[in-house]
Amino acid sequence: MRMLVLAAATLLCGCGNGPQAAAREYGYKVVHAYPHDPEAFTEGLFYRDGYLYESTGLEGHSSVRKVRLETGEIVQKYDLPPEYFGEGIVSWKNDLIQLTYKSEVGFVYDFTSMTVKRKFEYTGEGWALTQDGSRIIMSDGTPELRFWSPETEAELGRITVTDNGNPMKNVNELEWIKGRVYANVWMTDRIAIIDPSNGKVESWVDLTGLLSDADRASGRVDVLNGIAYDEKNDRLFVTGKLWPKLFEIRLVAK
């Protein structure tokens, strides 16, 4: 009888190790639409000091560029050698750091001049980068996020991203927002909001329908990819590969 009473009390108070809470679901409201280069195969995106910084992919078409938000004008650009497929980018102090897809080579640029300062090496594929103020965070297409030293690119640790306890692959473009990692999931219209302490997906953002059928180019790759955050003005921007528009959005709880 005593064991039954204790079991009942445990159920009533919610004690014990129950299942992981379901992730919260968000939709969106478009605040503003801006022009975006429809030839930009977007792989990395961030906002700093009034400008967007974007990396584009595909061999022979890869670049790093500084873009005027309001007009989409490219005000500064560096074209990668044609053998490299450009991937994610992140800023750190006076550097801009970029990954490549399968070359296992990254580039460090001078942030102001956008000239290459040096190269570095890593293992596996390079997909995306962001930073939390003390570490660089990298995705590689697997369920893992890697943490790096921003000064040496030495790996400091890894976490596995899970959704309801299941490892989640195809973690793509990243952005650090208010203590959480926002991540595109490749080939979907959803963004995962991840707790960086344990890798759990806390929330999902469903961006279905953001790019209209009229704006989609027939036969082209136009998947959602690219998240940027203006911390000063609390603005969230998203775009996609070969999208003609970049959107400022506001999350709306479902």
Next item on the list: Determine, using the 4.5 Å side-chain heavy-atom cutoff (strictly less than), whether M138 and L145 are members of one ILVMFWY cluster.
Entry: no
Next item on the list: Show your working on side-chain contact (heavy atoms from CB on, under 4.5 Å) between R180 and E202 and close with a plain yes or no.
Entry: CA-CA 9 Å; R180 293 295 182 264; E202 294 183 332; 2.8 Å; yes
Next item on the list: Might you point out which heavy atoms bring E173 and E43 nearest each other, and give the distance in Å?
Entry: CG-O, 3.3 Å
Check: According to a 4.5 Å side-chain heavy-atom criterion applied to Ile, Leu, Val, Met, Phe, Trp and Tyr, with indirect links allowed, do V31 and L210 form part of one hydrophobic cluster?
Finding: no
Check: Is the backbone of W186 close enough, under 3.5 Å, to the side chain of N172 for a donor and an acceptor to pair up by distance?
Finding: no
Check: Is there side-chain contact between M168 and V201, with heavy atoms separated by less than 4.5 Å?
Finding: yes
Item checked: Expected output: side-chain T100 to main-chain V105 donor-acceptor under 3.5 Å -> yes
Margin query: How long is the straight-line distance from CZ of R190 back to CG of L207, given to the nearest 0.5 Å?
Written below: 10.5 Å
Margin query: Can a donor-acceptor pair be found, under 3.5 Å and without considering hydrogens, that links the side chain of N233 to the backbone of R235?
Written below: no
Checklist line | Distance-minimising heavy-atom pair for H36 and L246 | finding: CB-N, 3.7 Å
Margin query: For T130 and D132: C-alpha separation, side-chain torsions, deciding distance, then whether side-chain hydrogen bond (donor to acceptor under 3.5 Å, both in side chains) applies.
Written below: CA-CA 7 Å; T130 190; D132 64 3; over 6 Å; no
Checklist line | Any donor-acceptor N/O pair, S139 side chain to G141 backbone, under 3.5 Å | finding: no
Notebook entry, point to check: Should F41 and V223 be counted in the same cluster of Ile, Leu, Val, Met, Phe, Trp and Tyr side chains packed under 4.5 Å apart?
Noted result: yes
Check: Would you call L52 and F46 a side-chain contact if the rule is heavy atoms closer than 4.5 Å?
Finding: no
Checklist line | Which atom of V205 lies closest to which atom of G27, heavy atoms considered | finding: CG1-O, 4.2 Å
Next item on the list: Apply the test salt bridge (charged side-chain N to carboxylate O under 4.0 Å, His left out) to residues D234 and K178: give CA-CA distance (whole Å), side-chain angles for both, the deciding distance (0.1 Å), then the verdict.
Entry: CA-CA 10 Å; D234 193 25; K178 299 178 181 178; 3.3 Å; yes
Check: About how many Å separate CG of L211 and OG1 of T239, when rounded to the nearest 0.5 Å?
Finding: 8.0 Å
Check: Is there side-chain contact between E151 and K93, with at least one heavy-atom pair below 4.5 Å?
Finding: yes
Margin query: For the aromatic rings, using the six-membered ring if either is Trp, is the centroid distance between H32 and Y34 under 6.0 Å?
Written below: yes
Checklist line | hydrophobic_cluster_shared for V30 and I227, side chain cutoff 4.5 Å | finding: yes
Notebook entry, point to check: So, the side chain of Y122 versus the backbone of L99: is there a donor-acceptor pair under 3.5 Å, distance only?
Noted result: no
Item checked: Working for side-chain contact (heavy atoms from CB on, under 4.5 Å), residues T188 and L224 -> CA-CA 7 Å; T188 78; L224 181 76; 6.0 Å; no
Check: Should M114 and V75 be regarded as members of a common hydrophobic cluster, given that ILVMFWY residues are connected when their side-chain heavy atoms come within less than 4.5 Å of each other, either directly or indirectly?
Finding: yes
Check: Where the side chain of D95 meets the backbone of I97, is there a donor-acceptor pair that is under 3.5 Å apart?
Finding: no
Check: Side-chain donor-acceptor pair under 3.5 Å between S203 and E25, yes or no?
Finding: no
Check: Is the closest side-chain heavy-atom distance between Y51 and L69 below 4.5 Å?
Finding: no
Note to self: Rounded to the nearest 0.5 Å, what separates atom OH in Y109 from atom CG in L96?
What the structure shows: 7.5 Å
Margin query: If only side-chain N and O atoms count, and only distance matters, is there a donor-acceptor pair under 3.5 Å linking R24 with Y26?
Written below: yes
Check: Under 6.0 Å from the CD atom of E121, do we count more than 12 heavy atoms belonging to anything else shown?
Finding: no
Note to self: Can you confirm whether more than 12 heavy atoms, excluding those of W92, are under 6.0 Å from its CH2 atom?
What the structure shows: yes
Item checked: D163 (side chain) donor-acceptor with N166 (main chain) under 3.5 angstrom -> no
Checklist line | Sub-4.5 Å side-chain heavy-atom contact between L80 and Q98 | finding: yes
Notebook entry, point to check: In terms of the angle between their ring planes, are F247 and W243 parallel, tilted or perpendicular, with boundaries placed at 30° and 60°?
Noted result: perpendicular
Notebook entry, point to check: Rounded to the nearest 0.5 Å, how far does CG of N184 lie from NZ of K241?
Noted result: 9.0 Å
Check: Parallel, tilted or perpendicular: which fits the ring planes of Y101 and F85, with parallel below 30° and perpendicular above 60°?
Finding: tilted
Next item on the list: For E231, look at atom CD and say whether over 12 heavy atoms of other residues, nucleotides or ligands are found less than 6.0 Å away.
Entry: no
Next item on the list: Applying ring pair (Phe, Tyr, Trp, His ring centres under 6.0 Å) between Y47 and each of F237, Y53, Y229, report the one that passes.
Entry: F237
Next item on the list: Determine whether I74 and D37 make a side-chain contact, defined as any pair of heavy atoms from C-beta on separated by less than 4.5 Å.
Entry: yes
Checklist line | Heavy-atom donor-acceptor pair, T56 side chain to S63 backbone, under 3.5 Å | finding: yes
Notebook entry, point to check: Does R48 count as lying over the ring of F111, i.e. NZ or CZ under 6.0 Å from the six-ring centre, within 45 degrees of the axis?
Noted result: yes
Next item on the list: Inspect the surroundings of NZ in K254 and state if more than 12 heavy atoms from other residues, nucleotides or ligands are less than 6.0 Å away.
Entry: yes
Check: Does the pair E59 and Y84 meet the rule for a side-chain hydrogen bond (donor to acceptor under 3.5 Å, both in side chains), with working shown?
Finding: CA-CA 5 Å; E59 291 90 347; Y84 291 110; over 6 Å; no
Notebook entry, point to check: Which heavy atom of I137 sits nearest a heavy atom of L174, and at what distance?
Noted result: O-CD1, 3.7 Å
Notebook entry, point to check: Roughly how far apart are E39 CD and H61 NE2, rounded to 0.5 Å?
Noted result: 9.0 Å
Check: Nearest heavy-atom pair of K245 and D215: which atoms, and what distance?
Finding: NZ-OD2, 3.0 Å
Next item on the list: Answer yes or no: is there a side-chain heavy-atom contact under 4.5 Å between V108 and E153?
Entry: yes
Next item on the list: Kindly determine whether I191 and V238 satisfy side-chain contact (heavy atoms from CB on, under 4.5 Å), including the steps that lead there.
Entry: CA-CA 10 Å; I191 291 173; V238 294; 4.0 Å; yes
Next item on the list: Applying salt bridge (charged side-chain N to carboxylate O under 4.0 Å, His left out), run through K117 and D110 and close with a yes or a no.
Entry: CA-CA 6 Å; K117 295 171 62 175; D110 176 84; 5.1 Å; no
Note to self: I need the R158 CZ to L156 CG distance, nearest 0.5 Å.
What the structure shows: 11.5 Å
Note to self: Could you check whether any side-chain N or O of Q131 sits under 3.5 Å from a backbone N or O of G133, counting only pairs where one atom can act as donor and the other as acceptor?
What the structure shows: yes
Note to self: Is any side-chain heavy atom of I193 closer than 4.5 Å to one of I177?
What the structure shows: no
Item checked: Worked check of side-chain hydrogen bond (donor to acceptor under 3.5 Å, both in side chains) between E104 and T123 -> CA-CA 6 Å; E104 298 187 327; T123 58; 5.5 Å; no
Note to self: Can you confirm if the aromatic rings of F120 and F107 lie within a centre distance of less than 6.0 Å?
What the structure shows: no
Notebook entry, point to check: Under 3.5 Å, side chain of S55 to main-chain N/O of E87, donor-acceptor pair present?
Noted result: yes
Next item on the list: Scan R146, K102, K169 and name whichever one has a salt bridge (Lys or Arg N to Asp or Glu O under 4.0 Å) with D140.
Entry: R146
Next item on the list: Can you see which heavy atom on D195 is nearest to which on I159, and at what distance?
Entry: O-CD1, 4.3 Å
